[in-house]
Participant: 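Submitted below is the structure of interest, expressed as structure tokens.
Just so you know, ligand 1 is whichever comes first in the structure, and atom 1 is the first atom listed for that ligand.
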Amino acid sequence: MSDKTYPPSAEFTATAHIDAAKYRELYAASIADPAAFWGEHGKRLDWIKPYTKVKNVSYAPGNISINWFEDGTLNAAANCIDRHLATRGDQTAIIFEPDDPAEEAQHITYTQLHKRVCRMANILEDMGVRKGDRVVIYLPMIPEAAYAMLACARIGAIHSIVFAGFSPDALGARINGCDAKVVITADEAPRGGRKTALKSNTDTALLHCKDTVKCLVVKRTGGQTTWIADRDYDYNELALEADEYCAPAEMGAEDPLFILYTSGSTGQPKGVVHTTGGYLAYAAMTHEYVFDYHQGDIFWCTADVGWVTGHSYIVYGPLANGATTLMFEGVPTWPDAGRFWAICEKHRVNQFYTAPTAIRALMAHGNAPVEKYDLGTLKLLGTVGEPINPEAWNWYNDVVGKGKCPIVDTWWQTETGGHLLTPLPGATPTKPGSATTPFFGVQPVVLDPHTGAEITSTEAEGVLCLKDSWPGQMRTVWGDHERFEKTYFSDYKGYYFSGDGCRRDADGYYWITGRVDDVINVSGHRMGTAEVESALVAHAKVAEAAVVGYPHPIKGQGIYAYVTLMNGIDPSDELRKELETWVRTEIGPIAKPDLLQWAPGLPKTRSGKIMRRILRKIAEDDFAALGDTSTLADPAVVDDLIENRMNRG
Ligand code: WTA
């Protein structure tokens, strides 16, 4: 950790939306009277029927209920498109940069966006989708992904995006999980010069779904696909015929806008539910202030729309603000490690937002690929997804930002809808590795993990919780409100529990220390160790499996699996490969174990509980701190695991 401080430059602060005095003033107001504060800031949206009630929240055990702007009505798509038409119909809303740099980029204006979203909305209605119905979106990073999201929002359908890297099994589970009527996919997804057969994955997934589920197919590459009449619909053909106007539905502020599945410490992923008014207001406000977005700026968030970062900061936040947002279909290292910077130069990007894992991967290629390009338009850099190590922060600052771009290290979660801890670039002195201080209305607290008591001294270390609500907060787990309460409100009563540990320094700055539960963060992607374990044990030759994270130089954390085979099955390199492939097909490539160790036995307590603490230490190659192993049923298994460990330092 580093405590070197970088104050905002006078030049940046001069034109920033928020300077230090304004931050103090607005933050104090947001805490003193949240209803008055958000009552004012909710007005950044266009309401069909204005709200009169701003906040109605209970964190009381047994009655977790979160409502913002509850009697107001609005339409999210109209806020992201229609209201901009009169003033900036000809302005580019979306710049699309395809995977292959030889393919031409597209500039989609707000007027074009309006027509295309309306057409897709009409197609969905013709396919039978109605207000409140669920639509699963399984698309590459192409403009049609944004059209699909906004088309759902326009007619009041609830979208659930499944990252295009997930397997047919994971897709099928999510289609069934929300009982979707339609799944929108593409023939193929080009990425890094390769193609993923999304339609064929969808065909496989649909074998395990109700036969009433329909499939809308975007032709991205024109690649060969199978076609089932009356189930599969050709988007490109239907769009030629579809009406280019569709009236936006009047939605309640608390009607769900989308579901997004995310991993937790136990069981299968859960469907995080975000609603219309609070989520959109919060995404838009954080986008404007945290990135100091000014009209005319070109904003680029490199995330995939399959993750919450893509929802809030490629689509909803930027478009609600009438911004120009860039969508990139490819990867940072193809055709070469200069691709990000080539795109920044080509499209004159002003704000650039990416993940520490990408920064570390690019840093490994040295400075030359960055220095080849003119990055003079960049004004601000952002990071998200995992703690950023000071080396990567400094490289980002010096080599990419040339020391003149403030860096916003934004801490937030799928559950929070938008940034919670983050610098405001014209106001907050930054420290490499710290997400600094709370956004307006956000009240972080550090609790003692053992007693649950709030640590009130400025310097503190413990678990990170939030006191009170903010408009972008998730409202429930789809179909399982009890799980919502159990996951987030039962360990520490009266607080929202983030699952992260943190340290607060003498300046009141927050430093995220990582997850305190069984969730690992691989390349900025959340992965439940339980999910990977249940995929492994579903294999006929596996008796038992335990999965933990270990430090990985590029990915942040890697996946370390301990596998016990069925009696009579011998370990082999072929079997190791078979299991890796198995996990890829059960979940997706992002879940493939980086290291897999054959474990004749796992360390267990006498009551049969696996001691993960010990497995974590072995994976970290750190045995000094193994702790007390005397309560183990068979202490000898630990020696074997250490002897045969994969991660030798
Ligand atoms: C981690 C991504 C440190 C954290 C928006 C959190 C971070 C989880 C940061 C959420 C950051 C996210 N510094 N850790 N700036 N941002 N995290 O739901 O552990 O995919 O709980 O949301 O990522 O991941 P999720």
Side-chain angles (χ1 to χ4, degrees), residues 1 161 163 165-166 258-265 269-274 279 282-283 286-287 290-291 301-314 316-317 353-360 381-390 392-393 396 407-423 428 430-439 442 444 463-466 472-474 477 487-488 496-504 509-529 531 549 555-557 590-591:
M1 282 186 205
I161 306 191
F163 173 57
F166 277 124
F258 65 84
I259 303 167
L260 185 57
Y261 280 83
T262 194
S263 298
S265 51
K270 49 189 173 293
V272 166
V273 176
H274 280 290
Y279 167 80
Y282 197 76
T286 46
H287 172 260
V290 171
F291 301 116
C301 163
T302 70
D304 191 284
V305 289
W307 311 114
V308 75
T309 308
H311 284 63
S312 298
Y313 301 115
I314 295 176
Y316 286 115
Y353 188 36
T354 196
T357 185
I359 299 170
R360 285 191 297 267
L381 302 171
T383 79
V384 57
E386 49 177 320
I388 180 163
N389 48 315
W393 196 102
Y396 203 30
I407 295 183
V408 291
D409 175 354
T410 61
W411 175 82
W412 60 296
Q413 312 179 293
T414 306
E415 293 88 339
T416 72
H419 309 137
L420 293 193
L421 295 175
T422 175
T428 318
T430 53
K431 300 183 190 185
S434 170
T436 75
T437 46
F439 190 73
V442 173
V463 295
L464 177 59
C465 289
L466 281 306
Q473 185 173 23
M474 75 182 282
V477 169
T487 309
Y488 303 104
Y496 165 82
F497 171 44
S498 69
D500 280 329
C502 82
R503 178 174 78 87
R504 188 166 55 211
Y509 275 43
Y510 291 84
W511 302 75
I512 304 298
T513 50
R515 301 286 305 195
V516 295
D517 53 13
D518 289 322
V519 171
I520 52 182
N521 193 325
V522 184
S523 300
H525 301 319
R526 255 166 88 165
M527 185 58 54
T529 49
E531 277 170 76
K555 298 178 173 189
Q557 278 187 300
I590 56 173

Participant: Give the residue and atom name of whichever protein heavy atom lies nearest to atom 10 (C) of ligand 1, and the separation in Å to one decimal.
Facilitator: Trp412 O, 3.6 Å

Participant: Can you tell me if Gly499 has a non-hydrogen atom under 4.0 Å from ligand 1?
Facilitator: no

Participant: Using a heavy-atom cut-off of under 4.0 Å, does the side chain or the backbone of His525 touch ligand 1, or both, or neither?
Facilitator: neither

Participant: Taking the ring of Tyr313 and the ring of Trp412, is the distance between their centroids below 6.0 Å?
Facilitator: yes

Participant: Can you confirm if the aromatic rings of His419 and Phe439 lie within a centre distance of less than 6.0 Å?
Facilitator: no

Participant: Can you tell me which portion of Arg526 lies within the under-4.0 Å heavy-atom range of ligand 1? Options are side chain, backbone, both, or neither.
Facilitator: side chain

Participant: Using only heavy-atom distances, determine whether the side chains of Tyr279 and Ser312 contain a donor-acceptor pair under 3.5 Å.
Facilitator: yes

Participant: Looking at atom 16 (N) of ligand 1, what's its closest protein heavy atom, distance included?
Facilitator: Gly385 N, 3.1 Å

Participant: Is it the side chain (CB and beyond), the backbone, both or neither of Thr410 that lies under 4.0 Å from ligand 1, heavy atoms counted?
Facilitator: backbone

Participant: What atoms of ligand 1 come within less than 4.0 Å of a heavy atom belonging to Val384?
Facilitator: 5 (C)

Participant: Would a line drawn from the ring center of His287 to the ring center of Tyr316 be shorter than 6.0 Å?
Facilitator: no

Participant: Has ligand 1 got any nitrogen or oxygen that is less than 3.5 angstrom from a nitrogen or oxygen of Thr309?
Facilitator: no

Participant: Which ligand 1 atoms does Asn521 reach within 4.0 Å, using its non-hydrogen atoms?
Facilitator: 1 (C), 23 (O)

Participant: Check each heavy atom of Thr414 against ligand 1 and say whether those closer than 4.0 Å belong to the side chain, the backbone, both or neither.
Facilitator: both

Participant: So, regarding Gln413 and ligand 1 (criterion: nitrogen or oxygen to nitrogen or oxygen, under 3.5 Å), is there a contact or not?
Facilitator: yes

Participant: Do Tyr488 and Phe497 have ring centres separated by under 6.0 Å?
Facilitator: no

Participant: Side chain or backbone of Pro387 under 4.0 Å from ligand 1, or both, or neither, by non-hydrogen atoms?
Facilitator: both

Participant: When you compare the side chains of Thr416 and Gln473, does any donor N or O come within less than 3.5 Å of an acceptor on the partner?
Facilitator: no

Participant: Checking a contact table here: which protein heavy atom is nearest atom 6 (C) of ligand 1, and how many Å away?
Facilitator: Asp500 OD2, 3.2 Å

Participant: Salt bridge between Arg360 and Glu386, side-chain N to carboxylate O under 4.0 Å?
Facilitator: yes

Participant: Only heavy atoms of Ile512, strictly under 4.0 Å: list the atoms of ligand 1 that pass.
Facilitator: 3 (C), 14 (N)

Participant: Is the His525 to Trp307 ring centre distance short of 6.0 Å?
Facilitator: yes

Participant: Determine the minimum heavy-atom distance between Gln413 and Tyr496, stating which atoms define it.
Facilitator: OE1-OH, 2.7 Å

Participant: Is there at least one pair of N or O atoms, one from Arg515 and one from ligand 1, spaced under 3.5 Å apart?
Facilitator: yes

Participant: Looking at every heavy atom in both Thr422 and Thr436, which two are closest together, and how far apart are they?
Facilitator: C-OG1, 3.2 Å

Participant: Measuring from the heavy atoms of Trp307, does anything fall under 4.0 Å of ligand 1?
Facilitator: no

Participant: Which atoms of ligand 1 sit under 4.0 Å from any heavy atom of Asp409?
Facilitator: 11 (C), 13 (N), 15 (N)

Participant: Tell me whether the guanidinium CZ or amine NZ of Lys270 lies under 6.0 angstrom from the six-membered ring centre of Tyr261 and within 45° of its axis.
Facilitator: no

